[in-house]
Amino acid sequence: MRYSKMLIPTLKEIPAEAEVISHTLMLRAGLIRKLAAGIYSLLPLGLSVTKKVEDIIREEMNRSGAQEVLLPTVQPAELWKESGRWEEYGKELLRFKDRHQREFCFGPTHEEVITDLIRKEIRSYRQLPLNLYQIQTKFRDEIRPRFGIMRGREFIMKDAYSFDCDETGADESYKKMYDTYCRIFERCGLRFKAVEAETGIIGGSFSHEFMVLADSGEEGVVFCNGCDYAANIDRAEIRIEEKGNEGEKKKMMMMKEIKKVNTPGRKTVEEVSRYLKVSPQDLVKTLIFETENGIIAGLVRGDHQINETKLKRFLDSNIMVLAGDETVKEVTGAPSGFAGPVDLNIAIFADQGVKGMQNFITGANEIDAHNINVNIGRDFEIKGYGDIRNVREDDKCPRCGKDIDIKRGIEVGHIFKLGTRYSQILRATYIDSKGKEQLIIMGCYGIGVGRTISAAIEQNHDENGIIWPMPIAPFQVFILPVDTKDTTVMERSEKIYNSLLDKKIDVLIDDRDDRPGVKFKDADLIGIPIQVIIGLKNLREGNIEIKIRRNGEILKWRVDTVIDKIMELI
RNA sequence: CGGGGCGUAGCGCAGUCUGGUUUAGCGCACCUGCCUUGGGAGCAGGGGGUCGGAGGUUCGAAUCCUCUCGCCCCGACCA
């Protein structure tokens, strides 16, 4: 491809809208342009990378025995009503009506459609197992799209669905996809971790997320330095320390008399503990939540953070919203910041870390007041204890007890074992070898294509621009003739260009009649791994210069060996 | 949805508080010519704006008021 003919609108200045480096660079390198919030056009360079990633996915999916299909983006409401998700999915589901006032939605995911297809087509165990996948545009009306195509509303996703006769088969399918995903992300040149994860609205019995570690990641990832335990922060279990001496000591402590103290204007744990000259560990935080089963309170130690997802799972509720100021006032009789469990007549649940605490401090359900020397059992009752707080770096691995690390991650892939959640409700069944009707067991497996690209840039860039890993680079080689007007330079450049094309190499030649500085800057910005720089000075000495984008290394090779040497690099 | 901020040329911004000497500006980009060719050059000339939109106040509105649309950030939420 010739640069002069290609639409590569690079930007010298940093776009105001971009927040993370991958977004900035994708705009600056001319890969994407925004049309509306969370909705982007892919320009030639961006599409080229997208196709490379898609092809890697296709190859590996096909290798695993999956078959590609293409399902509709527009889906009838009936199917979603049948699965129950028309109500469940909420505002993220983009709904609309056709000219006959029939209800439709733009598919945010395709469990309903694929299950419908399968229930119509599959009769016998002889037709199973099956794994179908597609690479398709989806739409989820995100509350807050951000970071360019990392969290868009319209986005390209590879989604696969497996169908098995029994649990053993389903587990095998799941394992196969796990391995396939590892291969895909390895080939994309990403440093990633597979972690235990939540199933969320997709549902199912267990799942793994594939996380690319990057500071800009939106998910917390917990992993052990000693063993291979790794989990999403919403999933990561708290290791319960066997309290030896400390526990004993605690038990021996006397319950002191509960007392109300003034804490004018002190609302946060930080403020209260400093004012009362105690450590945050001596406090218990009371958080009020609204659920579908009424208002409840969640308790954690002052220096701990409650995890709503864990609380939600613990209480098996679908809705869990931190109560607003009005609700808090209604329930506790005080503005938020002064809530406490004593004389609170709603169900109270506590983190297991609160269990051994004695003579602690809580809000007094009264403005500018806290209670000290509060004790469970004597002053209030707890309806249940659970693991409802976030893991911290000073916690230990729940499996092996060694130190753990918490990092940020970008979720690029997610695999779920669905079980019979959809096959049951949509009646996707088969006849087994004994002639009996059975539910098909399903799995579902997603990869965010755009997110994978963003993540690749987050991990592979420097101050000058993108540094593409070779397998997903839009071009493998960038030929940069320093002076387009010089015939010696241009003839040699064209020759190399054509030789590489003959060898099926993706090569871009910068035939623009621009000053060298402009071309060098653009070359670094768009990040093609190998730059072939052809200048008169080197050419006179029979040399051609090669610049490795990743490390800036400059190599000088003889003109007649340059093609072979480039082939070795690719 | 709550809080904050921003909409002025393709991009980045000034001007808005304090309405009128501004014919609405600057840098980059763009077009023409000259010049230049190893890290986003230089000179000269040029084109491009319903100041997000609607309504209002006023002799006069980018500037003040009301409504509205869009976008960004934080929070809540989320594969």
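Just so it is clear: chains get the letters A, B, ... in the order the sequence lines come, proteins before strands, and each one is counted from 1. Since the model is a prediction, treat every value here as computed from it, not as a measurement.
Listed nucleotides: B:G39, B:G40, B:C71. Nearest to the side chain of A:V518: B:G40. With B:C13, B:C11, B:A79 as the candidates, the nucleotide lying closest to the side chain of A:E411 is B:A79. Nearest nucleotide to the A:R140 side chain, out of B:C11, B:C13, B:A79: B:A79. Here the nucleotide nearest the side chain of A:T10, chosen from B:G40, B:C28, B:A79, is B:G40. Taking the side chain of A:F520 as heavy atoms from C-beta on, and the options B:A79, B:G38, B:C72, the nearest nucleotide is B:G38. Distances were taken from every side-chain heavy atom of A:K547 (C-beta onward) to each of B:G39, B:C28, B:G75; the shortest belongs to B:G39. Set against B:A79, B:G38, B:A76, the side chain of A:F416 has B:A79 as its closest nucleotide. Distances from the side chain of A:R144 to the nucleotides B:A79, B:A76, B:U36 place B:A76 closest.
Side-chain contact annotation: A:T488 with A:D486, donor-acceptor N/O pair under 3.5 Å present. No hydrogens or angles considered: nothing links the side chains of A:T268 and A:E270 as a donor-acceptor pair under 3.5 Å. Side-chain contact annotation: A:D159 with A:Q136, donor-acceptor N/O pair under 3.5 Å absent.
For the pair A:E92 and A:G38, both in contact range of RNA chain B, the more 5′-proximal nearest nucleotide belongs to A:G38. Two residues, A:F147 and A:G517, neighbour RNA chain B, and the one matched to the more 5' nucleotide by heavy-atom proximity is A:G517.
With both ends at atom C1', the span from B:G53 to B:C69 equals 7 Å, rounded to whole Å. Rounded to whole Å, the separation between the C1' atoms of B:C28 and B:A14 comes to 15 Å. The same atom, C1', is picked in B:G27 and in B:G15; the two are 15 Å apart, to the nearest Å. With both ends at atom P, the span from B:C43 to B:U36 equals 15 Å, rounded to whole Å. Only the C1' atoms considered, B:A24 is 29 Å distant from B:G40, to the nearest whole Å. On the P atoms, B:U16 is 13 Å away from B:U21, given to the nearest whole Å. Comparing the same atom, P, in B:C13 and in B:A79 gives a spacing of 34 Å after rounding to whole Å. Between B:G55 and B:A62, the two P atoms lie 14 Å apart (nearest whole Å).
Counting only distance, with no hydrogens or angles, the side chain of A:R58 and the backbone of A:E68 share no donor-acceptor pair below 3.5 Å.
For residues 478-487 of chain A, proximity to RNA chain B is found at A:V482, A:D483, A:K485, defined as any non-hydrogen atom under 4.0 angstrom from a strand atom.
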Ignoring hydrogens and angles, write down the donor-acceptor pairs under 3.5 Å from the side chains of residues 450-462 of chain A, residues two or more places apart or on other chains.
residue, atom, partner, partner atom, Å
A:R451, NE, A:M150, O, 2.8
A:R451, NH1, A:E411, O, 2.9
A:T452, OG1, A:G448, O, 2.6
A:S454, OG, A:G450, O, 3.3
A:E458, OE1, A:S216, OG, 2.8
A:E458, OE2, A:S22, N, 2.9
A:E458, OE2, A:S22, OG, 2.6
A:Q459, OE1, A:R191, N, 2.9
A:Q459, NE2, A:R191, O, 2.8
A:Q459, NE2, A:L213, O, 3.1
A:N460, OD1, A:R550, NH1, 3.2
A:N460, OD1, A:R550, NH2, 3.3
A:N460, ND2, A:A456, O, 2.8
A:H461, ND1, A:I457, O, 2.9
A:H461, ND1, A:E458, O, 3.2
A:D462, OD1, A:N464, N, 2.8
A:D462, OD1, A:G465, N, 3.2
A:D462, OD1, A:R549, NH2, 2.8
A:D462, OD2, A:R549, NH1, 2.8

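Remark: A:R515 is not in phosphate contact with B:U36, judged by side-chain N or O atoms under 4.0 Å from OP1 or OP2.
Here A:F155 lies in heavy-atom contact (under 4.0 Å) with a base. Looking at heavy-atom distances under 4.0 Å, A:E545 makes contact with a base. Using a 4.0 Å heavy-atom criterion, one finds that A:N538 contacts the bases of the nucleic acid, with or without backbone contacts as well. Using a 4.0 Å heavy-atom cutoff across all strands shown, A:G446 reaches no nucleic acid atom at all. Residue contacts shown for A:E218 are absent, as no nucleic acid heavy atom lies under 4.0 Å away. Using a 4.0 Å heavy-atom distance criterion, A:L536 is classed as making no nucleic acid contact. Across all strands, A:R28 comes closer than 4.0 Å to base atoms (heavy-atom distances).
Using cut-offs of 30° and 60° for the angle between ring planes, the A:F185 and A:Y181 rings count as perpendicular.
Base pairing analysis places B:C30 opposite B:G46; the two distances defining the Watson-Crick or G-U wobble pair are each below 3.5 Å. Remark: B:A62 base-pairs with no nucleotide in the shown strands. Criterion, Watson-Crick or G-U wobble with two distances under 3.5 Å. Of the nucleotides present, none pairs with B:U22 by Watson-Crick or G-U wobble criteria with both distances under 3.5 Å. Summarising the base pairing, B:C6 is matched to B:G70 through a Watson-Crick or G-U wobble pair whose two defining distances lie under 3.5 Å. The partner of B:G75 is B:C1, judged by Watson-Crick or G-U wobble contacts that both fall below 3.5 Å.
Taking a cutoff of 4.0 Å between a charged side-chain nitrogen and a carboxylate oxygen, A:R146 and A:E218 qualify as a salt bridge. Using a cut-off of 4.0 Å between Lys/Arg side-chain N and Asp/Glu carboxylate O, A:E541 and A:K556 are scored as not salt-bridged. One finds no salt bridge joining A:D351 and A:K310 here, because no Lys/Arg side-chain nitrogen approaches an Asp/Glu carboxylate oxygen to under 4.0 Å.
The CZ-C1' distance, from A:R512 to B:G40, rounds to 10 Å in whole Å. Computed from coordinates, the A:K521 NZ to B:A29 P distance equals 14 Å when rounded to whole Å. If you take NZ of A:K91 and P of B:A79, they are 17 Å apart, rounded to a whole angstrom. Between A:E19 atom CD and B:C72 atom C1' the separation is 9 Å, expressed in whole Å. In this structure, A:L27 atom CG and B:G10 atom C1' are separated by 14 Å, rounded to whole Å. Rounded to an integer number of Å, the gap from CD of A:E209 to P of B:A79 is 9 Å. Remark: P of B:C72 and CD of A:E17 are 7 Å apart, rounded to the nearest angstrom. Rounded to an integer number of Å, the gap from A:R540 CZ to B:G38 P is 12 Å.
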Stepwise ring-ring contact (aromatic ring centres under 6.0 Å, His included) test for A:Y178 and A:F210:
CA-CA 9 Å; A:Y178 184 99; A:F210 289 77; 5.5 Å; yes
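A search for ring-ring contact (aromatic ring centres under 6.0 Å, His included) contacts involving A:W80 returns A:Y89, not counting sequence neighbours.
Taking 3.5 Å as the limit, the base of B:G40 and the side chain of A:D514 contain no donor-acceptor pair of atoms between them.
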